[in-house]
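Remember, it's 1-based here, ligands and their atoms both numbered in the order they're listed.
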Amino acid sequence: MLREINFDGIVGPSHNYAGLSLGNKASASHRGDPSYPRAAALQGIGKMRGNMALGLPQGYLLPLSRPNDALLERIGVDADTPAQLRAAAWSASSMWTANAATVSPAPDTADGRCHLTPANLVTMFHRGQEWRDTKAQLDIAFADRAHFAVHDAVPASFGDEGAANHMRLCSEHESNGVEIFVYGRPGGAFPARQHEQASRAVARLHGLDPAGCVFIEQNSAAIEAGAFHNDVVAVANEQVLFAHAEAFVDQPGAYEAMRAAFPALEVVEVPASAVSLAEAIKTYLFNAQLVTLPDGEMALIVPEECRESASVWAWVESMLNGNGPIRQVIPVDVRQSMANGGGPACLRLRVVADPAAVDSRFLLNEARADLLESVIARHWPEQIDPADIGKESLAEQIRAARLALLDALDLGLLA
Ligand code: SUG
């Protein structure tokens with residue numbers, strides 16, 4: 001029985017605001033703020049619990065080992081090395097598992113297995129250190145080779161940001177789908193992180209039918225406004241695409257190409273006159289989890305920040321009063337992640353699979369959520385000030401906290 005399972009990244013004990021992501025406005029504007037790793041991780045568990053309560057299967061991926069001293073060695077770090085480069089080794093950015101990999105479910109692929117390709121994340125120095133350790137987790141969680149294939153990341157010449165630039169249209173999750181790859185064209189004010197050739201390589205590696213793939217270019221104006229990933233301005237679920245009117249460089253052409261491959265497409269578009277790109281990016285209305293509930297209705301899980309924006313909430317209310325496919329809008333508090341540019345959708349990787357084929361140590365239930373909360377409450381630093389980054393005592397606490405988590409989950413082999 002194939003289900004959509006959301007694998008959320010558990011927020012790591014080194015969560016901090018170092019302002020590392022050029023083009024990510026939240027990351028830049030919170031640079032230097034104190035962070036609250038314990039609260040951040042508990043907010044993430046709260047979101048997972050909420051989704052489980054809706055009847056949705058829930059999994060998680062674990063924080064990577066930080067600080068990553070090997071990374072600092074590779075750049076020959078010395079006393080004069082800028083603080084931001086050093087801070088990269090302390091980043092908890094693997095929490096945003098929408099960037100962990102691109103996933104093609106079994107019904108879409110030539111060999112009938114679910115294919116996963118970790119994203120190389122090469123555009124940002126602090127994120128390029130993630131993929132090998134992420135792959136080590138995917139190799140365990142999806143070890144069953146009868147059901148899953150886990151690839152290496154595509155070569156670093158082509159930036160790949162994973163599922164954040166990928167959407168899937170289908171009549172229901174377990175049926176054959178059309179996969180939409182959204183890439184950026186370089187040359188704008190901010191980096192275009194997803195290279196077209198990375199998307200095309202992933203589609204080939206996964207054995208997708210070319211007739212079931214659509215390649216679409218992001219709107220450079222959206223990237224310039226702060227949409228460093230497509231999932232900041234668009235999200236799809238089953239037959240529905242929920243998108244800002246300025247998400248793609250050629251919006252009518254994009255819909256036409258999607259409709260040619262998937263005629264049942266239903267577009268829920270938000271016009272710029274209702275919600276500007278700037279407001280969409282500030283509130284992360286589109287960085288939402290668009291999910292199908294067990295009764296078949298669709299719900300949109302949005303950041304709390306959406307409710308605080310007059311224009312966004314007015315649009316949400318008018319949408320709910322209409323007759324569209326999205327029947328519920330559920331705000332969640334992930335403010336610590338939001339302040340670094342990660343909303344509810346950034347925090348999860350969608351995998352359509354039989355939960356019984358997944359290593360159960362990566363699947364959440366109530367008892368395990370209690371366990372995660374108690375480890376986090378006991379070991380995660382309450383607060384990290386930017387001046388603490390680099391201190392050995394903090395490094396020790398962060399390492400011990402992660403090891404306590406691995407131990408509690410019987411995943412000590414990832415140490
Ligand atoms: O890559 N922020 C992440 C946010 C990723 C959001 N993911 C999706 N849209 N799917 C990024 O920019 C902040 C790091 C810092 O400033 O400390 C950061 O990496």
Under 3.5 Å, N or O to N or O, is [X] touching ligand 1 that way?
X    : answer
N99  : yes
L20  : yes
H229 : yes
G19  : yes

What protein heavy atom is closest to [atom], reported as residue, atom name and distance in Å?
atom                    : result
atom 11 (C) of ligand 1 : S21 OG, 3.4 Å
atom 6 (C) of ligand 1  : C346 SG, 3.2 Å
atom 13 (C) of ligand 1 : N340 OD1, 3.3 Å
atom 19 (O) of ligand 1 : H126 NE2, 2.7 Å
atom 17 (O) of ligand 1 : A18 N, 3.5 Å
atom 10 (N) of ligand 1 : D231 OD2, 2.7 Å

With no hydrogens and no angle check, just 3.5 Å: does a side-chain donor-acceptor pair link [X] and [Y]?
X    : Y    : answer
N237 : T292 : yes
S337 : Q43  : no
N230 : Q194 : no
Y17  : Q336 : yes

If you measure from each non-hydrogen atom of [X] to ligand 1, which part falls under 4.0 Å: side chain, backbone, both or neither?
X    : answer
L121 : neither
A98  : side chain
E130 : neither
N24  : side chain
E161 : neither
M124 : neither

Partner of M95 by side-chain contact (heavy atoms from CB on, under 4.5 Å), out of I10, L64, V11: V11
Can a salt bridge be assigned to the pair [X] and [Y] using a cut-off of 4.0 Å between side-chain N and carboxylate O?
X    : Y    : answer
R307 : E304 : yes
R185 : E196 : no
E373 : R49  : yes

For R193, atoms of ligand 1 separated by under 4.0 Å from a heavy atom: 1 (O), 11 (C), 12 (O)
Contacting atoms of ligand 1, where contact means under 4.0 angstrom from a heavy atom of A164: 10 (N)
Heavy-atom gap S91 to ligand 1 smaller than 4.0 Å: no
Ring centroid separation H244 to F242 under 6.0 Å: no
Residues in side chain to side chain contact (heavy atoms under 4.5 Å, CB included) contact with A227, at least two apart in sequence or another chain: A222, V232, V233, I281
Geometric class of the F362/Y60 ring pair [parallel <30°, tilted 30-60°, perpendicular >60°]: tilted
